[in-house]
Q: 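Structure incoming, see below.
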Amino acid sequence: MRLSAPLSPAFYTRPATAVARDLLGMRLVRCLDGRRLSGIILETEAYQGEEDLACHARAGRTPRTAVMYGPPGRAYVYFTYGMHWLLNCVVEPEGTPAAVLLRAIFPLEGREEILARRAGQPARACCDGPAKLTLALGIDGGQNGVDLCSPAEGLWIEAGPALPDAWVQTGPRVGIHRVPEPWRSIPWRFLARPPDGWVPPGVG
DNA sequence: AGCACGATTAACT
DNA sequence: GTTAATCGTGCTC
């Protein structure tokens, strides 16, 4: 596939756990006024189906969850705690509500602007949380529903360096302590831990 | 119409 | 370890 091409719909038309694992190492790209910001995805969580009581789709199809019922490869951006925007990508075929939450990136392009947007934060901690990365990349409710398989709307995901399984840890999803078992403990969090000093290849 | 709570973060003790 | 900030959403009355 062409370099710098958004991942195709086929990538997203799969179970949330598979997409969540394979998104590790991919490059999240944000275009703002012609400037390109990007980072390597290092942490994700899978949310799959109405049965998954941690997934917003547990409430069925509502105005908020409608995007998750739509075509795969769209952004699902929602607002929480009265102040934070969180970015997901919709997965599974249309009609099947599922999404993958993006929780952390390794800043690459536009590092200066990213750090400026995260003023006061050390570089190491500037994008290591789901609400931190949306702030760092200028993502909010305006991006809800955008097509991540097209560069037209300034937000997409490209191929990046493959990360070996040895670097990937799994565990329970974060921040859902009120959710009943087995959903509270099911290991649908995927965290890449590259060796110290690792820098993604092919970047200037 | 009212209410409890949230896929969080930063700043506390 | 604890807690305030802050408001959309979904549920109950």
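Letters go in sequence order (proteins before strands), and every chain restarts at 1. Owing to the predicted nature of the structure, the values given are computational and were not obtained by experimental measurement.
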Q: With A:Arg14, which residues qualify under salt bridge (charged side-chain N to carboxylate O under 4.0 Å, His left out), at least two apart?
A: A:Asp22

Q: Would you please name every residue forming a side chain to side chain contact (heavy atoms under 4.5 Å, CB included) with A:Glu181, sequence neighbours left out?
A: A:Arg184, A:Ser185

Q: So does A:Ser4 get a backbone contact from the side chain of A:Arg27, meaning a donor-acceptor N/O pair under 3.5 Å?
A: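 No; judged by distance alone, with no hydrogens or angles, the pair does not exist.
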
Q: Test: side-chain hydrogen bond (donor to acceptor under 3.5 Å, both in side chains). Region: residues 118-128 of chain A. Which pairs qualify, not counting sequence neighbours?
A: A:Asp128-A:Lys132

Q: Walk along nucleotides 2-12 of chain B from 5' to 3' and tag each nucleotide B, S or - by protein heavy-atom contact under 4.0 Å, base first, then sugar-phosphate.
A: ----BBBSS--

Q: Whether the side chain of A:Arg173 engages the backbone of A:Ala46 through a donor-acceptor N/O pair (distance < 3.5 Å, no angle test) should be reported.
A: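 Yes, A:Arg173 side chain to A:Ala46 backbone: donor-acceptor pair under 3.5 Å.
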
Q: Suppose the criterion is ring-ring contact (aromatic ring centres under 6.0 Å, His included): which pairs have a residue in residues 133-156 of chain A, not counting sequence neighbours?
A: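 Not a single pair qualifies under ring-ring contact (aromatic ring centres under 6.0 Å, His included).
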
Q: What distance, rounded to whole Å, do you find between the two P atoms, one in C:dA4 and one in B:dA4?
A: 16 Å

Q: Do any N or O atoms from the side chain of A:Glu153 and from the backbone of A:Asp147 form a donor-acceptor pair under 3.5 angstrom?
A: yes

Q: For C:dT3 versus B:dC5, give the span between their C1' atoms, rounded off to a whole number of Å.
A: 16 Å

Q: Without swapping roles, check the side chain of A:Gln48 against the backbone of A:Ala16 for a donor-acceptor pair under 3.5 Å.
A: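 Looks like yes, one N/O pair under 3.5 Å.
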
Q: Represent DNA chain C in dot-bracket notation, 5' to 3'. Only Watson-Crick or G-U wobble pairs with both distances under 3.5 Å count; pseudoknot-style crossings use [ ] and interstrand partners use |.
A: |||||.||||||.

